[in-house]
Protein chains: 2
Amino acid sequence: MTNTAPDQRSDGLHYIDMRDRVAGRIASGELKPTDKLPSERQLQEEMGLARGTVREGLFQLEAEGLIYRRDRSGWYVSPPPVVYDPTRWEGFISYVEAQGRVPATETMSAETIVADPLLAEVFGRRAGAPLYMIRRRRHVDGRAVLVEQIVVDAALTPDLLRFSFDQSLTEILKSAYGLSVARNVVSMQPCALTGYEAEVLGAKSGLPGLAVQRTSYDAQGRVVEFDREHWRHDAVRISVDTRVR
Amino acid sequence: MTNTAPDQRSDGLHYIDMRDRVAGRIASGELKPTDKLPSERQLQEEMGLARGTVREGLFQLEAEGLIYRRDRSGWYVSPPPVVYDPTRWEGFISYVEAQGRVPATETMSAETIVADPLLAEVFGRRAGAPLYMIRRRRHVDGRAVLVEQIVVDAALTPDLLRFSFDQSLTEILKSAYGLSVARNVVSMQPCALTGYEAEVLGAKSGLPGLAVQRTSYDAQGRVVEFDREHWRHDAVRISVDTRVR
DNA sequence: CCTTCCATCTGGTATGGACCAGTCACGCCC
DNA sequence: GGGCGTGACTGGTCCATACCAGATGGAAGG
């Protein structure tokens, strides 16, 4: 392996060529965000390849975040990702709008649950303590990009379920319960979207994603929110700005 | 955790079944980290599937980070990821060791370059200003997990190239030049490893990865380090702990 | 005008065959 | 004992084909 720098030449691999040709059309602006690509069978003929080879190239572009698919509908050019700073939570709606995009939120469920051992530890409660769990799906420009599951301590937020969660939860916690966030512990891991997450995002099982887990504390060190989010990998860029301790 | 969520009907999809059967062997401990899986042709026969179907299942497990491949050698069970806080840079070696793993660093190249427009802007210099660029590959327990490209300002670090970079660069900057980091701006994005990055990590083009870009400033606001890292997606979990501003 | 239904288009799954290109362990040779 | 070559093994690429199931849009019917 060369110790010198990057840049490879046409490997002669058909699916790499195919990938680069389509990537070229996107880079040149011939194909624009949300545009639909030709069908796999059209590309197959156009490039003189087997369909499997065409699909291999498409998978590469999908992994790079350049294109995405809508099940049994077609392949589309990905819009640019939104920038997200999980440590500065101003609310999904406001920061998506600040980037000139159109956000939308859908509450999938909101219910009372009891703490299992893991959640009990997170909240510093006994197993069996009452908690609220809210599941939401969030969209940017009409595309579902993330699904989240938020857990809050029922003892701190009595009767929370009377609110609508299609708006900012942070706002509700602050104005109705006087809870505000002083510290966030965030952990992130690239993952594959499978099962429930893939299904509600309309993605094929195995699509690359990003799992974000956020624990928010108030000034007294109480856990205000415990949040797990699953993002489509091509929909987000994480940005964090911190002072070193 | 309480995955009260829907789902869990065996779809009857062969590659999902195959995936789950192998995942079961890993979960049960029958297959342990770094263990080699049976060959694709063995699995094919064992499960009565076509090889393409077996591979589809393996790709899913790879996307989930459960297994990885060594080119033309075989599929192996992934070791657990290392936890990495890009905002608290103590150095790769020390935090990997702190997690009971064995780190290693390899310097691929170290050279003087001139600032292109992008780098010039980052460093607040004119295009053409002299900079040092260092490329390194880093390993955990013998497996290459990330490749990084560090750029530093030659004006702040005269004659930097006389050092060996198989040790901590942060340490060199501090002890030899009195530079220490007061602020980090980090941005992360799931990506696909392709071309140069895939090659030096011994990965197939298209493997999911995580791109991390870090700009480090000293107390005077000067750029000390500009770093781009590409991680194997299954090798790392990002963790950030911050106070809200 | 709206709803319903159906033909068609699209991607999703699965098979099986072929050949290529590194890897790796074994055994030969020096 | 150590270096080298070789051949079996393993994943990587590519092909052709078939059928399934959801998406879609237009035609038919209310």
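Chain A is the first sequence line, chain B the second, and so forth, proteins listed ahead of strands; every chain is numbered from 1.
The nearest whole Å value for the distance from the CD atom in Glu56(B) to the C1' atom in dG16(C) is 17 Å. The CD-P distance, from Glu199(B) to dG12(D), rounds to 15 Å in whole Å. The distance between atom CD of Gln60(B) and atom P of dA14(C), rounded to the nearest whole Å, is 11 Å. dC19(C) atom P lies 19 Å from atom CD of Glu40(B), rounded to whole Å. Following rounding to the nearest Å, Leu58(B) (CG) and dA14(C) (P) show an atom-to-atom distance of 14 Å. Across the protein-nucleic acid pair, Leu49(B) atom CG and dA14(C) atom P stand 8 Å apart, rounded to whole Å. One atom, CD of Glu62(A), and another, P of dG12(C), lie 8 Å apart when rounded to the nearest Å. dG22(C) atom P lies 11 Å from atom CG of Leu13(A), rounded to whole Å.
Between Pro80(B) and Arg101(B), the closest heavy-atom pair is O-NH1, 2.9 Å.
Within the 4.0 Å cut-off from OP1 or OP2 of dC9(C), not a single side-chain nitrogen or oxygen of Ser39(A) is found. Contact between the side-chain N/O atoms of Thr53(A) and the OP1/OP2 oxygens of dC15(D) is found at a separation under 4.0 Å. Phosphate proximity of dG22(D) to Ser73(A): absent, as no side-chain N or O sits under 4.0 Å from OP1 or OP2. For the pair Arg70(B) and dG22(C), the criterion of a side-chain N or O lying under 4.0 Å from OP1 or OP2 is not met. Put simply, Tyr15(B) has a side-chain N or O that comes within less than 4.0 Å of OP1 or OP2 on dT13(C). For dT10(C), neither phosphate oxygen OP1 nor OP2 lies less than 4.0 angstrom from any side-chain nitrogen or oxygen of Lys36(A).
Within the nucleic acid shown, Arg41(A) comes within 4.0 Å of at least one base atom, counting heavy atoms only. Using a 4.0 Å heavy-atom distance criterion, Gly52(A) is classed as making no nucleic acid contact.
Side chain of Arg137(B) to main chain of Val200(B): a donor-acceptor pair is present (N/O by atom type, distance under 3.5 Å, no hydrogens or angles).
Interface remark: the Arg55(A) side chain does not form any donor-acceptor pair with the dG11(C) base, using a distance-only criterion of under 3.5 Å.
Judged by closest nucleotide on DNA chain D, Arg51(A) is the one of Arg51(A) and Asp71(A) placed further toward the 5' end.
Checked for salt-bridge contact, Asp141(B) and Arg143(B) miss the test: no charged N lies under 4.0 Å from a carboxylate O.
The environment of CD in Glu97(A) is crowded: more than 12 heavy-atom neighbours from other residues, nucleotides or ligands sit within 6.0 Å.
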#### Entry: From CA spacing to verdict: salt bridge (charged side-chain N to carboxylate O under 4.0 Å, His left out), Arg228(A), Glu148(A)
CA-CA 6 Å; Arg228(A) 288 161 176 264; Glu148(A) 66 179 350; over 6 Å; no
